[in-house]
Amino acid sequence: MSKYLIFGATGQDGSYLAELLLSHRHEVFCIKRRSSSINTMRLDGIINHPSIKILHGDVTDTASVMQLISQIKPDFVLNLAAQSHVGVSFNEPEYTAQVDAIGTLRILESIRLFNRNIVFYQASTSELFGGLDDKILDENSSFNPRSPYAAAKLYAYQLTKMYREAYSLQTFNGILFNHESPRRGENFVTRKITMGLSNILKGKFKSIKLGNLDALRDWGHAKDYCEAMYQMVNLNKPGDYIVATGECYSVRDFLNTAFQEVGIKLKFVGSGVLEQAIVMEKSKTDYNTENVAINQVVVEIDPIFFRPLDVPKLQGNSQKFRELSGWSPKITFRELVAEMVKYDVAF
Ligand code: NAP
Ligand code: F7E
């Protein structure tokens with residue numbers, strides 16, 4: 001049994017990771033930041049487990065980070081804390097840097113000062129690459145951050161690598177490609193689509209308003225990726241590792257798959273900001289589509305969701321990590337979409 005400390009435990013990944021660690025009989029210290037309303041909903045299923053402790057902390061506060069690491073004396077520290085929304089980072093660049101970049105520095109410095117034997121995991125990201133060319137990305141691909149989020153994460157990535165080289169800390173950069181689940185934040189595109197579809201089926205809204213439908217992403221399931229994080233920090237081989245499915249789909253593909261799941265076939269008409277998706281056909285499934293009409297416009301473009309710069313395509317090659325760990329994703333793209341649709345429609 002080891003002691004794991006998770007910064008960002010109340011988020012999508014933090015909650016799956018905490019569940020996984022408890023299932024392996026570890027002691028889990030979950031750090032939550034102070035909020036005016038409840039922010040531990042994703043931890044509801046495990047909150048009363050005897051091996052979990054939920055403590056206040058904030059990575060923007062040096063004393064808070066130092067105190068947690070010195071008092072808990074963890075074996076592993078996983079830094080999942082972030083302002084994780086790429087679009088929001090254009091509006092809150094300095095705050096994003098404080099949390100995502102300097103927050104990581106605070107944790108690494110605390111580890112360097114208090115206990116250099118701690119194993120450290122940094123939630124690095126495929127956003128580092130920028131995705132401007134058609135290449136499948138691996139650990140040797142060059143970085144080209146295209147948002148304040150990616151720039152902050154690049155600083156954190158480099159620090160994580162540098163503390164390994166300079167101070168022999170056992171640090172890991174998990175360069176994870178997009179991963180989703182029913183616990184995904186509501187303003188990321190996949191969850192926005194499955195929640196929007198649910199509202200359309202219930203007759204609450206007529207359409208979903210989105211930005212760039214051409215973006216291509218390598219979408220995996222957060223559960224699979226938390227398993228990868230756990231295997232990575234137990235590799236005894238500190239380093240930088242890509243975690244990806246290797247498959248790539250567009251936002252339009254995600255829309256088609258989600259609507260197909262409930263028996264609705266879409267047709268995309270128009271282009272640019274005038275593009276729309278309309279209902280072409282309905283077929284029988286377990287889902288009730290009586291509130292949806294043939295020819296109804298169910299997807300519209302709203303330029304407010306365009307970013308000053310976007311990342312056109314991210315597709316990863318995780319061979320290095322797969323060969324070392326034996327890890328591979330278990331949940332397919334179609335299964336991921338089906339699970340998210342089912343969850344949101346039942347909600
Ligand atoms: P998420 O759902 O947005 O979770 C982020 C977590 O960070 C939440 O627990 C949040 O707390 C916490 N947090 C934010 N500011 C904090 C602060 N100042 N101090 C302490 N905690 C703070 O993100 P996720 O999808 O689980 O992703 C986990 C990590 O992986 C993030 O670092 C993200 O950037 C990175 N990443 C994600 C993906 C992906 O596709 N999901 C891919 C690559 C990398 P609240 O719950 O109170 O907001
Ligand atoms: O956008 C486009 C958008 O916000 C995906 C984070 O977890 O993964 C995530 O970042 C694509 C982009 O994720 C809307 O322009 C179209 O091209 O779901 P997203 P992301 O930006 O890829 C990486 C790996 C991380 O590290 C991040 O933390 O979809 N898009 N229309 C839209 N995106 C949003 N959010 N909302 C729309 O309406």
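Heavy-atom basis, side chains included; hydrogens, waters and symmetry copies ignored.
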(message) Determine whether D240 and R164 satisfy the following criterion, salt bridge (charged side-chain N to carboxylate O under 4.0 Å, His left out), listing intermediate values before the conclusion.
(response) CA-CA 11 Å; D240 311 312; R164 185 190 313 139; 2.6 Å; yes

(request) Check step by step if side-chain contact (heavy atoms from CB on, under 4.5 Å) holds for V86 and Y149. (result) CA-CA 6 Å; V86 176; Y149 167 80; 3.6 Å; yes

(request) Apply side-chain contact (heavy atoms from CB on, under 4.5 Å) to T171 and Q122, showing your working. (result) CA-CA 8 Å; T171 68; Q122 168 60 17; over 6 Å; no

(request) Start with the C-alpha gap between Y241 and L324, add the side-chain angles, then the distance that decides, and say whether side-chain contact (heavy atoms from CB on, under 4.5 Å) holds. (result) CA-CA 10 Å; Y241 299 100; L324 212 59; 3.5 Å; yes

(request) Could you go through the side-chain contact (heavy atoms from CB on, under 4.5 Å) check for V341 and D344 one step at a time? (result) CA-CA 5 Å; V341 168; D344 279 326; over 6 Å; no

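Checked by atom type, the side-chain pair E180/T190 shows a donor-acceptor distance below 3.5 Å. Residues S15 and R42 have side chains that never bring a donor and an acceptor to within less than 3.5 angstrom of each other. E339 and S181 share no donor-acceptor pair across their side chains, judged by distance under 3.5 Å alone. Judged purely by distance below 3.5 Å, without hydrogens or angles, the side chains of E27 and S51 never pair a donor atom with an acceptor atom. E227 and Q231 share a donor-acceptor pair across their side chains, judged by distance under 3.5 Å alone. Between the side chains of Q98 and R106, at least one donor N or O sits under 3.5 Å from an acceptor N or O.
Taking all atoms of both residues into account, the shortest heavy-atom contact from A82 to K153 is CB-NZ, 3.9 Å. Nearest heavy atoms, G130 versus V311: O-CG1, 3.2 Å. Closest heavy-atom contact between A152 and A97: CB-CA, 4.0 Å. Nearest heavy-atom pair across A101 and Y155 is CB-CD2, 3.4 Å. Nearest heavy-atom pair across L154 and P145 is CD2-CG, 3.7 Å. Of all heavy-atom pairs between G211 and F306, the closest is C-CE2, 3.4 Å.
Proximity of the aromatic rings of F333 and Y249 is defined here by a centroid distance below 6.0 angstrom, and this criterion is met.
Residues L213 and I301 are in side-chain contact: their nearest non-hydrogen atoms beyond the backbone lie under 4.5 Å apart. Considering only heavy atoms from C-beta on, Y121 stays 4.5 Å or farther from V77 through its side chain. The side-chain heavy atoms of L176 and M229, taken from C-beta on, include a pair separated by under 4.5 Å. By the 4.5 Å heavy-atom criterion applied to side chains, F29 and L55 are counted as neighbours. In this structure, T194 and Y343 have side chains that are not in contact, with every pair of non-hydrogen atoms separated by 4.5 Å or more. Here the side chains of F120 and L78 are not in contact, with every heavy-atom distance at 4.5 Å or above. Looking only at side-chain heavy atoms (C-beta outward), D214 and P312 stay at 4.5 Å or farther from each other. Two residues are said to be in side-chain contact when any heavy atoms from C-beta on lie closer than 4.5 Å; I6 and L17 meet this criterion.
Without hydrogens or angle criteria, D224 side chain to I331 main chain gives a donor-acceptor distance under 3.5 Å. The closest donor-acceptor contact from the side chain of H26 to the backbone of V28 lies at 3.5 Å or more, if one exists at all. Between the side chain of S147 and the backbone N or O of A150 there is at least one donor-acceptor pair closer than 3.5 Å. Between the side chain of E139 and the backbone N or O of I242, at least one donor-acceptor pair lies under 3.5 Å. Side-chain atoms of E247 never come within 3.5 Å of backbone atoms of W219 as a donor-acceptor pair (strictly under, hydrogens ignored). Proximity of a side-chain donor or acceptor of R191 to a complementary backbone N or O of P182 within less than 3.5 Å is detected. With N178 contributing its side chain and D218 its backbone, the two residues share no donor-acceptor pair below 3.5 Å.
When each of V298, N291, V299 is tested with I200 by the rule side chain to side chain contact (heavy atoms under 4.5 Å, CB included), just one qualifies, namely V298.
Taking R33 as the reference, N39, D58, Y95 meet the side chain to side chain contact (heavy atoms under 4.5 Å, CB included) condition, with sequence neighbours excluded. Taking M66 as the reference, T62, S110, L113, F114 meet the side chain to side chain contact (heavy atoms under 4.5 Å, CB included) condition, with sequence neighbours excluded. Taking K284 as the reference, nothing meets the side chain to side chain contact (heavy atoms under 4.5 Å, CB included) condition, with sequence neighbours excluded. For E165, the side-chain hydrogen bond (donor to acceptor under 3.5 Å, both in side chains) partners two or more places apart in sequence, or in a different chain, are K161. Listed by chain and residue number, N234 satisfy the side-chain hydrogen bond (donor to acceptor under 3.5 Å, both in side chains) test with Y4 (two or more places apart in sequence, or in another chain). With sequence neighbours excluded, the residues satisfying ring-ring contact (aromatic ring centres under 6.0 Å, His included) with F143 are F129, Y157. With sequence neighbours left out, S124 forms a side-chain hydrogen bond (donor to acceptor under 3.5 Å, both in side chains) with N173. Residues that satisfy the ring-ring contact (aromatic ring centres under 6.0 Å, His included) test with H24, not counting sequence neighbours, are Y230. Residues meeting the side chain to side chain contact (heavy atoms under 4.5 Å, CB included) test with T332, sequence neighbours left out: R334, E335.
Hydrophobic clustering places F321 together with L80 (ILVMFWY residues linked when any side-chain heavy atoms are closer than 4.5 Å, directly or through intermediates).
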Identify each donor-acceptor pair in which a side-chain atom of residues 257-269 lies under 3.5 Å from a protein atom, sequence neighbours left out, and give them as a table.
unit_1, atom_1, unit_2, atom_2, d
T257, OG1, D253, O, 2.7

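Atom NZ of K3 is surrounded by more than 12 heavy atoms from other residues, nucleotides or ligands within 6.0 Å. Within a 6.0 Å sphere centred on CG of N236, other residues, nucleotides and ligands contribute 12 heavy atoms or fewer. Dense packing is recorded around CD1 of I294, with more than 12 heavy atoms of other residues, nucleotides or ligands lying under 6.0 Å away.
Relative to the six-membered ring of F347, K202 misses at least one condition, a distance below 6.0 Å or an angle of at most 45° to the axis.
Screening residues 174-195 for ring pair (Phe, Tyr, Trp, His ring centres under 6.0 Å) gives H85-F188, H179-Y225 as the qualifying pairs, with residues at least two apart or on separate chains. Each side-chain hydrogen bond (donor to acceptor under 3.5 Å, both in side chains) pair with one or both residues in residues 299-326, not counting sequence neighbours, appears once here: D134-K313, S207-E300, K209-E300, N212-D310, K313-Q315, S318-R322, Q319-E323.
To the nearest 0.5 angstrom, T96 atom OG1 is 10.0 Å from E94 atom CD. Atom CG of L210 is separated from atom CZ of F254 by 11.0 Å, given to the nearest 0.5 angstrom. Separating the CG atom in L43 from the OG1 atom in T40 is a distance of 6.0 Å, to the nearest 0.5 Å.
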